[in-house]
Amino acid sequence: MQQVVVKFEDVDQVRDFVNTVSMVDANFELGSGSRIVDAKSILGVFALDLARPQRLVCDSDDSAILEEIEPFLIRERVS
């Protein structure tokens, strides 16, 4: 399991992020606090407060996934 923090600057970044994680064979959860959504759902992602950083949890330990989502990361890893 990997946890990182992501932030989006605009609608295009959200679309690119959802397209990127949708191509990966892993489960992703995105959110903060009690509001957690499937990161592969564009409607779910837009339901979040995107003005704030969001925690992304991936159920895979494959480090290549981090390379794919690197443009959206604001911090390397969260403990």
Side-chain angles (χ1 to χ4, degrees):
M1 179 182 294
Q2 300 180 73
Q3 294 184 43
V4 293
V5 177
V6 297
K7 178 105 171 64
F8 307 105
E9 298 299 321
D10 55 35
V11 172
D12 290 331
Q13 271 197 336
V14 173
R15 185 194 68 231
D16 292 344
F17 171 80
V18 171
N19 287 338
T20 299
V21 297
S22 293
M23 292 187 283
V24 177
D25 187 28
N27 292 317
F28 294 89
E29 293 181 343
L30 183 68
S32 61
S34 63
R35 188 160 197 134
I36 306 295
V37 301
D38 179 356
K40 294 182 179 184
S41 166
I42 196 157
L43 291 176
V45 175
F46 277 123
L48 298 172
D49 179 4
L50 298 179
R52 298 174 166 251
Q54 302 293 320
R55 181 181 305 257
L56 177 70
V57 179
C58 175
D59 70 356
S60 172
D61 289 326
D62 185 356
S63 61
I65 292 172
L66 292 181
E67 293 173 20
E68 294 289 326
I69 62 170
E70 193 276 328
F72 315 103
L73 299 178
I74 61 170
R75 221 179 332 168
E76 189 63 28
R77 291 183 187 256
V78 175
S79 53

Minimal non-hydrogen separation, Lys7 against Leu50, with atom names: NZ-O, 3.5 Å

Scanning both residues in full, the closest heavy-atom pair of Asp62 with Gln2 reads O-NE2, 3.0 Å

Hey, what's the ring geometry for Phe72 with Phe17, parallel, tilted or perpendicular (30° and 60° as the breaks)? perpendicular

Out of curiosity, does Val57 fall in the hydrophobic cluster containing Ile36 (side-chain heavy atoms, cut-off under 4.5 Å, transitive links)? no

Minimum-distance pair of heavy atoms, taken over all atoms of Val45 and Val37: N-CG2, 4.0 Å

Please list all pairs passing the side-chain hydrogen bond (donor to acceptor under 3.5 Å, both in side chains) test where one or both residues lie in residues 17-31, with sequence neighbours left out. Asn27-Asp59

More than 12 heavy atoms of other residues, nucleotides or ligands under 6.0 Å from CZ of Arg35: is that the case? no

Once you round to the nearest 0.5 Å, how far does OG of Ser60 lie from CZ of Phe28? 7.5 Å

Indicate the atoms forming the closest heavy-atom contact of Lys40 with Val18, along with that distance. O-CG1, 3.5 Å

Enter the distance from Asp61:CG to Leu66:CG here, rounded to the nearest 0.5 Å. 10.0 Å

Is there a donor-acceptor contact under 3.5 Å from the side chain of Glu68 to the main chain of Val21? no

Which atoms form the tightest heavy-atom contact between Leu56 and Ala39, and what is the distance? CD1-CB, 3.9 Å

Ignoring hydrogens, what is the shortest heavy-atom contact between Ala26 and Ile65? Give both atom names and the distance. CB-CD1, 4.4 Å

